[in-house]
Q: 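The structure's right below; bear with me while I get my questions together.
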Amino acid sequence: MAKKYWLVKQEPEAYSWDDFVGENGCEWDGVRNYQARNNLRAMSQDDFVLFYHSVIGKEVVGIATVEREAYPDPTATKGDWSAVDLRPFKPINRPVSLETIKNDPQLSEIPLVRNSRLSVMPLEAKHFRRVLKLGNTIL
DNA sequence: GCCAACGTTGGC
DNA sequence: GCCAACGTTGGC
């Protein structure tokens with residue numbers, strides 16, 4: 001099956017890319033939004049996931065891969081929630097800011113711009129490649 | 001710090 | 001089932 005592409009958001013003050021790299025990956029849990037949860041559930045092993053710093057930085061800083069597909073979120077005491085495991089793949093050489101993304105005609109329609117509150121979102125392959133290009137990064 | 005956008009809750 | 005009130009997220 002073809003790889004899919006995703007973007008996840010995290011406030012670096014809570015959990016940064018450096019934290020993520022420092023522990024060589026983590027459980028992506030705590031998502032409490034149905035749309036975001038459904039996106040987590042649609043992830044397949046080895047899909048690529050862009051790591052975006054929200055609030056502070058507001059830029060795409062790294063690439064992760066899906067190490068383990070969705071399983072019940074152990075941090076959820078009630079409700080039907082999911083987590084995945086992500087692992088760092090490589091950093092973005094030149095982080096791609098939200099401003100750059102908004103000003104790029106090829107990227108102005110991605111969910112990051114259209115729905116700023118969604119924390120786990122799908123990306124089209126062409127958009128994923130475009131972000132990498134803007135970030136001066138090759139897989 | 002403000003507020004727009006969005007989701008959830010609960011009264012009716 | 002509608003919608004007002006409220007809470008949260010995240011850009012500015």
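Keep in mind that this is a model prediction, so the values were computed, not measured. Chain naming here is simple, since letters A, B, ... match the order of the sequence lines and numbering starts at 1 in each.
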Q: What pairs of donor and acceptor atoms, side-chain ones from residues 129-139 of chain A against any protein atom, are under 3.5 angstrom apart with sequence neighbours left out?
A:
residue: Arg130(A); atom: NE; partner: Asp104(A); partner atom: OD1; Å: 3.4
residue: Arg130(A); atom: NE; partner: Asp104(A); partner atom: OD2; Å: 3.0
residue: Arg130(A); atom: NH2; partner: Asp104(A); partner atom: OD2; Å: 2.6
residue: Thr137(A); atom: OG1; partner: Asn93(A); partner atom: N; Å: 2.8
residue: Thr137(A); atom: OG1; partner: Gly135(A); partner atom: O; Å: 2.8

Q: Name every donor-acceptor pair, under 3.5 Å, that has one atom in a side chain of residues 23-31 of chain A and the other anywhere in the protein, sequence neighbours excluded.
A:
residue: Glu23(A); atom: OE1; partner: Tyr15(A); partner atom: OH; Å: 2.9
residue: Glu27(A); atom: OE1; partner: Tyr71(A); partner atom: OH; Å: 2.9

Q: Just jot down the side-chain contact (heavy atoms from CB on, under 4.5 Å) partners of Asn115(A), sequence neighbours excluded, or say none.
A: Gln35(A), Arg117(A), Leu118(A)
Q: Which parts of residues 30-40 of chain A get close to DNA chain B, meaning a heavy atom less than 4.0 angstrom away?
A: Asn33(A), Tyr34(A), Gln35(A)
Q: Starting from Trp81(A) and following side-chain heavy-atom contacts under 4.5 Å between hydrophobic residues (I, L, V, M, F, W, Y), which residues can be reached?
A: Tyr34(A)
Q: Reading nucleotides 4-12 of chain C from the 5' end, what letters show protein touch, with B for base, S for backbone sugar-phosphate only, - for no heavy atom under 4.0 Å?
A: ---BBBSSB
Q: Under the side-chain hydrogen bond (donor to acceptor under 3.5 Å, both in side chains) rule, what pairs show up with a residue in residues 53-66 of chain A, not counting sequence neighbours?
A: none
Q: Excluding sequence neighbours, so at least two apart, what forms side chain to side chain donor-acceptor pair (under 3.5 Å) with Asn103(A)?
A: none
Q: Under the salt bridge (Lys or Arg N to Asp or Glu O under 4.0 Å) test, which residues partner Arg32(A), sequence neighbours left out?
A: Asp73(A)
